[in-house]
Each structure stands twice: as structure tokens, then as C-alpha cells.
Protein chains: 2
Amino acid sequence: MRGDSQKATLQQVARAAGVSLKTASRVLNHEPHVKPTTELLVRGAMERLAYQPNDLARSLKARHSGVIGVVVPFLSHYFVAACVQAIHHEVERSHATIMLTVSSGDPVAEALHIRVLLRRQVEGLIILPTSGHLQPESVAETIGTPVVVIDQPAPTLEMDSVTIPNRLAAREAVRHLIGHGYKRIIAIGANRNLHTISERLVGYREAMRRQGLKPLDLVANTENELSIESIQKAFVRSTKTPQAVFALNSAACIKTLHAMKHCRLRIPEDVALLGFDDFDTAEAFQPSISVISQPTEEIGRRAVELLFKRIQKHNKRAGQRLVLATDLLLRGSCGCGKPQHR
Amino acid sequence: MRGDSQKATLQQVARAAGVSLKTASRVLNHEPHVKPTTELLVRGAMERLAYQPNDLARSLKARHSGVIGVVVPFLSHYFVAACVQAIHHEVERSHATIMLTVSSGDPVAEALHIRVLLRRQVEGLIILPTSGHLQPESVAETIGTPVVVIDQPAPTLEMDSVTIPNRLAAREAVRHLIGHGYKRIIAIGANRNLHTISERLVGYREAMRRQGLKPLDLVANTENELSIESIQKAFVRSTKTPQAVFALNSAACIKTLHAMKHCRLRIPEDVALLGFDDFDTAEAFQPSISVISQPTEEIGRRAVELLFKRIQKHNKRAGQRLVLATDLLLRGSCGCGKPQHR
DNA sequence: TTGAAAGCGTTACCAA
DNA sequence: TTGGTAACGCTTTCAA
């Protein structure tokens with residue numbers, strides 16, 4: 001609220017209070033050995049000058065910034081947004097702050113972002129990788145800075161990871177579909193390079209083969225390449241229309257819904273649907289969309305916990321690969337009885 | 001890639017290269033007047049020591065951090081996530097970074113976050129307010145730091161804002177519904193305190209009154225208080241079921257879809273629907289959901305542009321209140337012909 | 001073309 | 001209970 005625009009420094013506070021810089025610093029940090037009278041003097045000066053500490057200088061001196069870098073591919077994906085929100089929530093509890101970067105699915109940008117964050121002296125990094133495997137070069141640079149990877153097992157012992165059993169969850173979900181009597185089940189998604197996608201695909205195939213069914217998939221190279229038209233073609237292509245779709249992530253699931261609408265296919269009567277990753281409108285559809293749900297809140301929390309442990313123990317630990325359980329939410333779209341009807 | 005874990009400093013680089021600190025600094029910053037031979041010497045040392053500049057120290061000295069603070073209420077709202085992504089994209093072009101905070105709809109947390117970001121010496125702040133009006137106290141602290149507000153007109157001349165004509169857009173949308181012949185149209189949403197919500201509500205009422213219709217609304221105090229059950233009650237409450245719903249934001253729209261499903265109401269035959277704010281699954285529903293769409297990409301871009309202008313010109317400008325046009329996307333749910341059918 | 005020295009705003013080690 | 005003084009890692013006069 002000062003008229004003069006320049007920000008007050010602790011030095012100025014000290015002068016205004018008629019004490020030394022160090023004494024003002026002591027008051028600021030609630031250190032002991034300050035005479036109450038002096039403290040009042042200093043606090044008064046701080047008040048008058050509307051003093052605000054400069055955390056940049058503080059961090060430089062203290063050698064830790066209180067900043068965590070968060071690297072994600074997209075923010076428009078519900079799962080990612082929910083994770084970031086959970087991460088923020090947990091980081092905040094430790095009075096730290098988040099620096100966020102969004103790579104838009106570009107591994108080169110991702111590598112650049114990691115470097116930028118390291119220069120900014122983040123104390124740790126939480127990465128949701130955008131490409132199949134984190135670029136080794138990117139990772140090399142992080143030596144000395146703790147890293148937690150989400151969605152992909154930690155590539156080195158220097159890092160921790162928080163993942164889910166993608167393959168297992170996919171297998172069980174597909175087995176569930178098979179249990180409904182569907183034989184022609186197609187997996188739909190994009191980006192085989194991604195660890196999550198490839199594992200889910202493997203799980204799908206395992207489930208199919210074990211039941212003597214022929215795996216069939218439509219997996220585009222990138223998210224953008226998976227068009228609604230291409231999905232429609234998969235529906236009308238052969239004489240044998242798929243009886244069910246296993247969507248490899250929520251984006252694919254939504255596009256499939258889109259395509260099914262265009263083809264006027266009823267769910268689950270004409271084609272059943274089960275997707276990986278929950279999304280905000282899943283229960284608003286008629287019928288509700290069955291999904292494999294990840295514990296986003298816990299993923300974020302555990303990632304931050306692991307990171308802080310590393311930061312404190314200064315890398316004196318072996319890498320941890322945490323695997324959290326998923327939840328198969330059977331709603332209506334997979335062919336299950338319609339629980340949404342009272 | 002060094003074996004020793006401590007990070008190299010420019011000082012060490014200089015020593016290793018056998019030059020002075022300043023010379024190393026000159027090389028680092030591509031300053032002229034460095035003998036090519038010397039430059040090579042320094043670059044070699046940098047390479048060997050895997051030198052990475054410390055942006056904290058740099059910022060402290062240079063007195064600008066290259067960091068923009070972004071304050072949002074939720075990340076799980078599609079509109080917000082899209083805005084943040086757009087902001088990041090534009091900020092990145094200026095080689096700056098984003099510090100993100102999420103208030104979870106708590107004005108007290110929001111005020112705290114603003115203070116934290118200021119202490120961290122952000123060069124500017126982009127705020128999507130969580131409460132009706134930004135807490136004056138929060139804003140007071142920002143004096144000297146440029147602020148751009150999204151979704152709400154700048155409360156003071158010290159700030160800029162990027163908004164949309166909420167009232168007008170709502171009015172036109174409701175008029176469109178009325179044009180379809182609906183008479184009993186109900187507005188559904190939450191948080192009257194929010195500038196966006198209250199303006200949209202006013203627009204709705206104006207449109208209704210001008211046509212001699214009686215406004216009717218269901219507006220909960222907070223997002224969480226707007227339950228699906230309460231919406232269902234609105235549908236069955238009176239003998240006069242609403243003929244159409246005007247949802248005040250996407251969260252309300254999704255909950256309405258949910259409620260309509262439970263009540264087995266067909267869209268638009270039983271009840272038509274038009275919502276404020278687009279969302280990722282809007283076109284996947286049958287019929288597609290008609291919405292008023294905000295230009296998120298442009299909102300983010302313009303917000304950053306305004307902010308950087310202020311940062312450069314050092315507040316020598318009057319506050320700008322940018323108002324960007326919305327788009328009324330008539331899909332199927334409002335009762336329009338069904339363009340989604342080929 | 002190069003370098004010594006003084007800061008940026010804090011914190012921390014010793015004395016007083 | 002206090003206060004010099006030296007860092008933190010970098011940039012920036014001003015000389016040489």
C-alpha cells in the first residue's frame with residue numbers, strides 16, 4: 001500500500017527500525033534471542049513499508065527453491081487435469097509451489113521443458129511422459145534432481161514411479177466383455193509408443209487369445225490421427241461389425257461414442273463399449289459408460305510423497321515403483337444390467 | 001553427466017578455462033568482444049563440467065524472474081484447463097514459465113496464493129477469480145505487479161481483463177430457445193457470486209421478460225451444492241415441467257444431462273437443453289449439445305499479450321477491458337434440426 | 001579483448 | 001541480545 005512503487009527490502013526495514021540487517025532477519029524468521037521491544041520495532045517498520053520477503057533471494061541463499069516442476073503432455077485430458085490438481089493439493093501442504101509445463105505431445109518440447117525447469121532450480125520433477133520412453137537425454141540432465149514418473153515405470157534407479165497395472169486391468173476388463181458373450185471385440189486408441197497404450201493393448205490381446213478369440217485393433221500413430229471417420233469405417237468395414245469396443249483411453253472412448261452416434265449404433269445393443277480412464281460425463285450418457293478408473297487423487301498424492309522423500313533423503317534410496325489398483329466401474333455401456341435405472 | 005553431484009557454477013567454469021568470471025559470463029550471454037579462442041576455451045569447460053546456469057541467481061540480479069503466476073479455481077473444468085493450456089502456449093513463446101495455483105473454489109486460498117506468487121517475484125499474474133469479486137485485500141498487495149483478470153472485468157485501472165459479453169450471449173441464446181416455441185425455460189447453475197454466473201442469469205431474465213415470459217431458476221450457492229437430485233426435482237416438482245433448460249456453465253449442463261437421463265426425459269422432445277461453455281463430449285451426445293462457446297485459445301493468448309505489454313511499459317497504461325465474441329453453436333439439443341445426421 | 005569489484009536480497013558464521 | 005561480514009551465483013559498471 002506504499003505510494004512509492006519500489007518494493008521494500010529487509011535492509012530498508014532494518015534502517016527504518018534502527019536495527020541491523022541481521023536483527024530484522026531474525027524477526028522475519030522467528031528466530032529466538034530477540035528482545036520483544038526490538039521485535040515490535042521491526043514489525044512496525046515491516047508494516048509501514050509493506051515489506052514482502054523476496055523468495056528468490058531466499059532460495060538462492062538457502063539453496064532450495066520450494067518449487068516442484070510438473071511436466072504434462074496435455075491439460076485438456078481429464079485424467080491429466082485431475083492428476084495435476086491432486087499434485088498441487090499435496091505440494092501446497094508443504095508450502096511449496098508448482099511450475100507447470102505442457103508439451104502438447106511433443107517429446108522435443110518435453111525435453112526442453114525439463115531443462116528449463118532444472119535451470120530454474122526446481123527441487124524435484126513430476127513427469128507424465130508424452131512419448132513412449134522419456135528421452136534418455138532429458139533424463140540424463142536431471143541427475144541430482146529427484147524425479148517421479150507417472151504412467152510409466154521409472155526407467156532408472158534414480159527415479160521413482162507411480163503407475164497402475166495397465167495390462168492386468170485391460171485383461172480383466174476385456175475378459176468381462178467376453179463374459180457378456182461378445183466375440184468380435186476391437187481395441188481402439190492412439191500412440192503405440194506410450195507405455196500405457198501398449199500395455200493396455202497387450203492386456204487386451206492376452207484376454208482375447210486366452211479365450212480363443214482373434215484380437216483386432218485400430219490404433220493410430222498420434223492422438224490427432226485417430227479420426228472419428230476412421231472409427232466409423234471400422235464399424236462398417238467388414239461384414240462382421242464389432243460387437244464391442246475396448247477404448248484404450250478416454251479420448252478414444254469419446255471419439256468412439258461420436259462415431260457410434262453417426263452410425264446410429266445403439267449401446268450396448270448394437271455395440272458395447274468399455275473404456276480406459278474415467279471422464280466427467282461418463283455417467284451422463286445413456287447408458288452410463290463403463291470404465292477402468294484410475295485413482296487420480298492417490299496417484300498425485302503418492303507421487304508428491306515419493307518426491308519429497310527423495311528430496312529429503314538426498315537420493316539415498318533405491319528407486320520405488322509404486323503400482324496402485326484400478327477400479328472397474330461397470331455401468332451400462334458394457335452390457336451390464338442397467339443400474340442407472342431405478 | 002558429472003560424477004560429482006554438486007552443480008558447477010560459472011565461477012568454476014571460469015577457473016577451469018583459465019579466464020575470469022566476467023569472461024565466462026560474456027560467453028554465456030553471447031556478448032560481443034570475446035576472442036574466438038577464448039570462447040572455445042570457455043565452451044569446452046562448460047561442456048566438461050556439464051554447466052547449467054542458475055536462473056534463480058540470474059533473476060535476482062536481473063530483477064525479473066521470467067515467471068508468470070496463474071491462479072485458477074479448478075483444473076477439472078474443461079474451460080479452465082483449455083485456458084491454462086492456451087496461456088502456457090503463449091507464455092512459452094516469450095521463454096517465460098508458469099507458476100500455477102489451484103484454489104479449489106476457496107477465496108481465502110486464492111488470496112494466499114496470490115501473496116505466495118508475489119513473494120516468488122512473478123512478473124505478472126493471470127487470475128481466473130474463484131469468488132464473485134476478487135478480494136480487495138488480495139488485489140491491494142499486487143500493486144506494482146501487473147495483473148490480468150479473466151472472466152471478470154478488471155476491478156481497478158491498475159489491471160486489465162479479458163472477458164466475454166456474458167449477458168448478451170445469454171440473452172441471445174435464450175431468445176433462440178424461445179424462438180423454438182419454448183415458454184417454460186429454466187436457468188440452472190451455481191454460485192451467484194461469480195460474475196459470469198450472475199451476468200448470464202441477468203441475460204436470461206432479460207430475454208424472458210422481453211418476451212413476456214416468467215423467469216425461473218435453480219441456482220445453488222456452490223458448485224457442490226448443485227446436486228443432480230435437486231435438478232430432478234425441478235423436473236417433476238410442478239405440474240408444469242420445464243420445456244427447456246439454460247445451463248449457466250458446463251458443470252451445470254453435465255449435471256442436467258445426468259438428471260434428464262434419470263428422469264428418462266428425451267432431448268429435445270421432452271426437454272430441450274442449451275448450455276454456456278463448450279466441453280469435450282458435447283458432440284458425442286445424441287443429440288449433440290448446443291452451447292455458447294468461448295474462444296479459449298484467444299482468451300489465453302490475449303491475456304498474456306496484455307500482461308506482457310504492462311510488464312514492458314511498466315504500468316504506464318490505463319486498464320484495458322477486452323471483450324471477445326462468443327459463438328452460439330447450434331447442435332441438436334436446443335431443438336434445432338439435427339445437423340449431426342448426414 | 002579482458003578482469004576486478006560491487007552489488008541483487010537473503011541467510012549464516014562469529015564476535016561483541 | 002545484537003551486529004559486522006561473508007557468502008549464494010550471477011550481471012554489470014568501470015578500468016586496464
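Keep in mind it's a predicted model, so treat the numbers as computed, not measured. So you know, we letter chains A, B, ... as the sequences are listed, proteins then strands, and number each from 1.
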Main-chain N/O of A:Gln121 paired with A:Ser65 side-chain donor or acceptor, under 3.5 Å: yes
A:Arg310 side chain vs A:Glu158 backbone, donor-acceptor pair below 3.5 Å: yes
Euclidean distance, atom CZ of residue A:Arg15 to atom P of C:dG9 [Å, nearest integer]: 11 Å
Rounded distance (nearest 0.5 Å) linking atom OG1 of B:Thr97 with atom CG of B:Asp55: 7.5 Å
Spacing between A:Lys7 atom NZ and C:dT10 atom P, to the nearest angstrom: 11 Å
Sugar-phosphate, base or nothing in reach of A:Leu56, heavy atoms under 4.0 Å: nothing
Selected nucleotide, minimal atom distance to A:Asn54 side chain, candidates D:dT1, D:dT11, C:dG9: C:dG9
Under-4.0 Å side-chain N/O to phosphate OP1/OP2 contact, A:Thr38 with D:dT1: no
side-chain N/O B:Thr23 vs C:dG3 OP1/OP2, d < 4.0 Å: yes
Main-chain N/O of B:Ser131 paired to B:Asn193 side chain as donor or acceptor, under 3.5 Å: no
Touch class at under 4.0 angstrom, heavy-atom based, for A:Lys35 against every strand present: sugar-phosphate
Sugar-phosphate only, base, or nothing, as touched by B:Thr9 at under 4.0 Å among non-hydrogen atoms: sugar-phosphate
Sugar-phosphate only, base, or nothing, as touched by A:Asn29 at under 4.0 Å among non-hydrogen atoms: sugar-phosphate
Distance in angstrom units between B:Leu21 CG and C:dG7 P, rounded: 16 Å
Check: C:dG3 base within 3.5 Å donor-acceptor of B:Arg26 side chain: yes
Rounded distance (Å) that lies between atom C1' of D:dT1 and atom CG of A:Leu41: 14 Å
Distance test, side-chain N/O of B:Arg63 to OP1/OP2 of C:dG9, below 4.0 Å: yes
Interatomic distance, A:His33 NE2 vs C:dA12 P [rounded to whole Å]: 14 Å
A:Ser25 vs C:dT11: side-chain N/O to OP1/OP2 distance below 4.0 Å: yes
Length of the CD-C1' vector between B:Glu39 and C:dT2, whole Å: 14 Å
No-H, no-angle donor-acceptor pair, A:Lys61 side chain to C:dA12 base, under 3.5 Å: no
Protein-nucleotide distance (A:Leu60, atom CG; D:dA6, atom P), rounded to Å: 18 Å
Length of the NZ-C1' vector between A:Lys22 and C:dC14, whole Å: 11 Å
Side chain to side chain donor-acceptor pair (under 3.5 Å) between B:His30 and B:Glu39, worked out: CA-CA 9 Å; B:His30 305 95; B:Glu39 169 154 7; over 6 Å; no
